[in-house]
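Reviewing the structure listed below.
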Amino acid sequence: MGESIRKGISGEPVIDDAKERTKSLYPFHEMERRARKLWNEEGLFEIRDPMTAERPFYCLNMFPYPSGDLHVGHGRNYILGDVVTRLKRMQGHSVLTPMGWDAFGLPAENAAIEHKIHPATWTRRNIARMKEQLVSWGLAYDWNREIASCDPTYYRWTQWLFLKLYERGLAYRAKGTVNWCPSCNTVLANEQVVDGKCERCGTAVETRDLEQWYFKITAYAEPLLRDLDQLVHWPEKVRVMQTNWIGRSEGATIRFPVSGSKESIEVFTTRPDTLLGATYVVLAAEHPLISQLKERGAFPRQAADLVERLRRARLGDRFGVETEKEGAPAGIEAVHPLTGAKIPIWVANYVLMGYGTGAIMAVPAHDQRDFEFAKKYKLPIVEVVRGPDGAFDGRAAYEGEGTLVNSGAFDGLPSPEGKRAIIGALEAKSAGEASVHYRLRDWLISRQRYWGAPIPMVTCERCGVQPVPESDLPVLLPDQVEFKPTGESPLRTNEAFLNTSCPKCGGPARRESDTMDTFVDSSWYFLRFLSPKSDRVAFDSAAVNRWLPVNQYIGGVEHAILHLLYSRFMVKVLRDMGLISFSEPFERLFTQGMITKNGVKMSKSKRNTVAPDDLIQRYGTDTVRLYTLFIGPPEKDAEWNDRGVEGAYRFLQRYWKLVEDVAAARDARAARTGGKHPAWSSTGARRELRRRVHQLTAQMLADMDRLHLNTAVSGMMQLVNALQEYLDGGGDRTDPEVQEGMNIGTRLLAPLAPHTAEGAWALLGGSGSIFTAGWPEASREALERDKVTLVVQVNGKVRSSIEVPAGADRAVIEAAALADPKVRSYASGKTVAQVILVPGRLVNVVVP
RNA sequence: GCCCGGGUGGCGGAAUGGCAGACGCAGGGGACUUAAAAUCCCCUGGGGUGUAAACCCCAUGCAGGUUCGAGCCCUGCCCCGGGCACCA
């Protein structure tokens with residue numbers, strides 16, 4: 001930032017000079033102070049009683065993790081939300097605009113390890129610092145409703161939710177192969193593993209077999225998928241991502257008996273029509289049948305070696321399309337459920353335990369993966385589906401649909417009928433049935449870390465795993481623990497915490513020492529804001545039902561799956577418990593793009609962050625807000641440019657000068673005339689100015705509604721330019737069109753640059769806060785014009801323009817267009833084939 | 001590989017199928033000033049015709065198409081960003 005400070009002749013910065021000068025020119029510091037005081041005193045953005053506040057509108061920004069300093073990229077998110085808040089407030093809504101802190105999480109704990117500072121201290125300090133920054137952006141939050149997820153008054157209810165899910169069988173403990181991040185020293189949910197790496201720190205994820213707590217989100221796979229259709233105000237992109245993540249596949253579950261045993265192998269396939277082409281069966285390395293075979297000593301050495309190797313391999317190395325397919329015979333055979341033929345069973349690296357049943361039927365003629373594998377290990381390939389391009393060529397699998405062949409009684413059926421017929425045949429033999437599988441896995445919520453909500457469960461020697469009674473909540477995080485990066489839960493270092501008594505029998509018991517994934521905290525916080533201090537309930541159902549779904553939710557697209565999916569899940573669970581009456585938490589979602597510097601995302605580690613503090617000090621809050629909004633379409637990424645900030649500053653100065661001029665002239669006139677409102681002019685420049693003001697009013701409302709705030713700022717600039725040009729052209733500052741233009745313009749500016757607009761409002765003689773002044777509406781009468789200019793095209797090329805009366809009919813316009821000298825020069829000697837007329841816009845004369 | 005976005009001046013970007021480049025930044029010229037800063041005014045996609053007023057041609061990644069008219073719609077291709085990816 002230092003480079004951008006202007007240098008004086010001597011090379012010394014001239015900031016102090018500039019500050020002095022600007023103080024008189026555009027007194028932003030003073031205005032900021034006064035405006036904030038006014039808003040606080042009036043409580044304009046506070047909801048006193050959620051049940052009686054009129055026309056509720058809930059505008060929410062994703063609450064931040066208190067990592068320390070905010071940069072201008074974060075600001076974009078909050079400023080966007082603030083514009084919506086202020087606009088809705090001006091439109092007469094009671095706006096709920098709360099803020100809180102997603103305050104549990106790893107960085108605090110890592111700070112504890114590195115700097116010997118308690119996570120709570122570190123977090124509190126960051127919250128204080130970040131709150132200061134949010135305030136300096138002029139954001140209108142109802143701070144009476146502030147919450148922090150690390151506060152026992154909050155996490156008590158996170159624990160309560162856990163118990164509710166447990167009661168309903170939606171929280172369960174299970175042993176399984178889980179993702180483990182060796183750097184964060186904890187397990188991760190599937191959603192937190194990206195490309196085999198930890199979503200947070202980028203370390204390659206390993207697998208471990210552990211007993212962990214899960215939330216049964218898969219029980220809601222279908223509603224989570226189906227209800228995406230309702231979310232018409234969500235970005236298409238996010239809905240697509242969630243659809244892919246849930247990953248619904250329709251097909252059939254088929255059981256292949258194991259030859260000479262009572263066992264059978266269950267497989268899932270989306271292509272039951274290819275069943276007759278199944279020439280072998282493949283098991284994943286972790287398939288339970290393998291350990292049984294091992295126990296019996298019936299598992300070939302070669303296969304056992306492969307399984308061992310795969311289990312040790314890192315997740316990222318093991319899977320991927322580039323990985324060479326590898327397998328070994330499992331030493332047993334399966335019986336084809338329809339033909340009775342014996343086919344070999346293999347173990348291979350290309351089948352995953354985490355999807356379907358962990359076993360597949362291989363149809364090499366119609367699945368490229370099976371095809372490659374069959375080629376490599378010389379397994380039989382049988383064509384059973386014939387596509388439109390003729391018979392299977394033996395070079396690659398044919399994966400499309402077609403007509404069944406080599407399928408006995410099913411020959412000649414098209415694939416869809418074939419699927420139904422084969423499923424029917426399987427059902428008749430109880431060998432299979434139609435089924436649906438999802439890619440979505442259950443949500444692993446245990447974390448072997450300290451700074452999170454303790455899982456409220458105990459293990460009794462006699463009664464087993466028992467929930468902590470609701471009345472005993474919260475299970476408090478003890479202060480005294482050792483922070484060591486050992487991979488063991490730090491809570492295990494506190495014996496007093498661990499040792500407890502069984503809620504059922506009173507005997508000795510041990511507390512669960514893991515804490516919950518912080519995404520549990522954030523999956524319900526939007527409900528808490530309606531009753532942030534309640535020690536009676538997690539959330540006030542009546543108030544929540546009145547205010548939710550959140551009308552406008554704003555945040556980064558990086559939460560497209562994690563937070564947004566979990567929140568949707570939680571809301572559906574709470575609905576099914578009868579605690580809330582809606583099914584989706586967020587009606588409208590807006591995902592803003594990030595701000596880059598030198599082409600890359602701003603981050604502390606890249607040392608390319610732009611801090612708001614200096615800029616706000618030097619140019620004022622509203623300058624920074626305006627530039628941040630103007631930088632580009634809010635859903636797209638944008639490059640920060642310090643020179644652009646100066647442009648916004650120049651604009652506000654020009655605007656302010658105009659306010660002072662117009663206000664002074666108005667006062668002078670009022671003194672002369674006793675404040676009588678003069679009449680509108682119906683002609684000329686005055687009329688045109690008024691039309692322009694109202695036209696921009698309409699445009700800016702449309703822009704703001706769509707959150708196209710870059711063009712809204714542009715519209716504001718045009719409005720000021722129009723007024724300035726009118727005055728420069730000899731217009732009178734006391735003309736009612738000018739006075740009205742300033743009045744309307746100032747209200748239009750208010751959501752964007754609230755402090756400046758508030759200051760201007762006072763100067764222009766407005767009463768009270770501008771945010772109670774109402775939103776200006778474009779007057780239909782002002783928008784009317786008596787003459788319109790039409791573009792005249794010949795064969796689609798612009799050649800001229802004509803002016804016609806506004807209501808002119810077709811014949812008049814055509815005649816005027818054809819009479820135009822330019823048109824005549826292009827059309828002379830030719831017959832006019834057609835005249836296209838677009839009312840109010842253009843005439844196109846078509847000649848051969 | 002599949003699924004989304006996106007490609008427009010020197011830059012950020014505007015444009016319900018109807019005057020491409022609004023608005024701003026940067027740049028050039030001028031006014032003010034002893035000078036600079038700040039401010040204000042004018043110019044600013046490329047090429048061409050004209051003394052001038054004016055006028056013409058080209059131009060929204062590339063190639064086609066639909067249309068009276070395409071940055072916008074359709075087909076194919078290239079490039080950039082994001083998501084998913086042995087998902088059975």
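Below, read A as the first sequence line, B as the second, and so on, with proteins coming before strands; counting in each chain starts at 1.
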By the Watson-Crick or G-U definition, both distances under 3.5 Å, B:A54 is matched with B:U49

According to the Watson-Crick and G-U wobble definitions, with both distances under 3.5 Å, which nucleotide is paired to B:C40? B:G30

Under 4.0 Å, heavy atoms only, any strand: does A:Asp367 hit a base, just the sugar-phosphate, or nothing? nothing

Would you classify A:Ile836 as touching base, sugar-phosphate or nothing, given that sugar-phosphate means primed atoms plus P, OP1 and OP2, and contacts are heavy atoms under 4.0 Å? base

A:Arg643 side-chain N/O to B:G24 phosphate OP1/OP2 under 4.0 Å: no

Taking only N and O in the side chain of A:Ser249, is any of them less than 4.0 Å away from OP1 or OP2 of B:A88? yes

Touch class at under 4.0 angstrom, heavy-atom based, for A:Arg799 against every strand present: sugar-phosphate

Does any nucleotide pair with B:C25 by Watson-Crick or G-U wobble geometry, both distances under 3.5 Å, and what is it? B:G10

Remember a base hit wins even if backbone is also touched, and classify A:Asn244 as base, sugar-phosphate or nothing at under 4.0 Å, heavy atoms. nothing

For A:Lys822, report the nucleic acid contact type (base, sugar-phosphate, nothing); a contact means any heavy atom under 4.0 Å. sugar-phosphate

Are any of A:Tyr826's side-chain N or O atoms less than 4.0 Å away from OP1 or OP2 of B:C56? yes

Report the base-pairing partner of B:C77 (Watson-Crick or G-U wobble, both distances below 3.5 angstrom), or none. B:G61

Derivation of the side chain to side chain contact (heavy atoms under 4.5 Å, CB included) call for A:Ser801 and A:Leu790: CA-CA 5 Å; A:Ser801 63; A:Leu790 299 181; over 6 Å; no

Could you check A:Ser714 against A:Tyr438 and say which one's nearest nucleotide on RNA chain B is further toward the 5' end? A:Ser714

Given that both distances must come in under 3.5 Å, which nucleotide forms a Watson-Crick or G-U wobble pair with B:U67? none

Output yes when at least one side-chain N/O atom of A:Arg654 is less than 4.0 Å from OP1 or OP2 of B:C23, else no. no

Give a yes or no on this: more than 12 heavy atoms of other residues, nucleotides or ligands lie within 6.0 Å of atom CZ of A:Arg810. yes

So A:Glu639, base contact, sugar-phosphate only, or nothing? Heavy-atom distance under 4.0 Å. nothing

With a 4.0 Å cut-off on heavy atoms, is A:Val798 in touch with a base, just the backbone sugar-phosphate, or nothing at all? sugar-phosphate

Checking contacts here: which listed nucleotide (B:U39, B:A22, B:A88) is nearest the side-chain heavy atoms of A:Gln653? B:U39

Think A:Asn721 has a side-chain N or O under 4.0 angstrom from the OP1 or OP2 of B:G24? yes

When you check the phosphate oxygens OP1 and OP2 of B:C84, does a side-chain N or O of A:Lys237 lie under 4.0 Å from one of them? no

Students often get this wrong, so: under 4.0 angstrom with heavy atoms, is A:Gly647 touching a base, only sugar-phosphate, or nothing? sugar-phosphate

Interatomic distance at P, B:G7 relative to B:C55, whole Å: 32 Å

Geometric class of the A:Phe268/A:Tyr355 ring pair [parallel <30°, tilted 30-60°, perpendicular >60°]: perpendicular

Where the side chain of A:Asn844 is concerned, which of B:A88, B:C68, B:C23 is the nearest nucleotide? B:C68

Measure from the ring center of A:Phe590 to the ring center of A:Trp234 and say whether it is less than 6.0 Å. no

With respect to the side chain of A:Lys325, which nucleotide from B:G83, B:C86, B:C23 is positioned closest? B:C86

Looking at the side chain of A:Gln834, which of B:C19, B:C86, B:C68 is the nearest nucleotide? B:C68

Mind checking the P distance from B:G45 to B:G10? Whole angstroms is fine. 10 Å

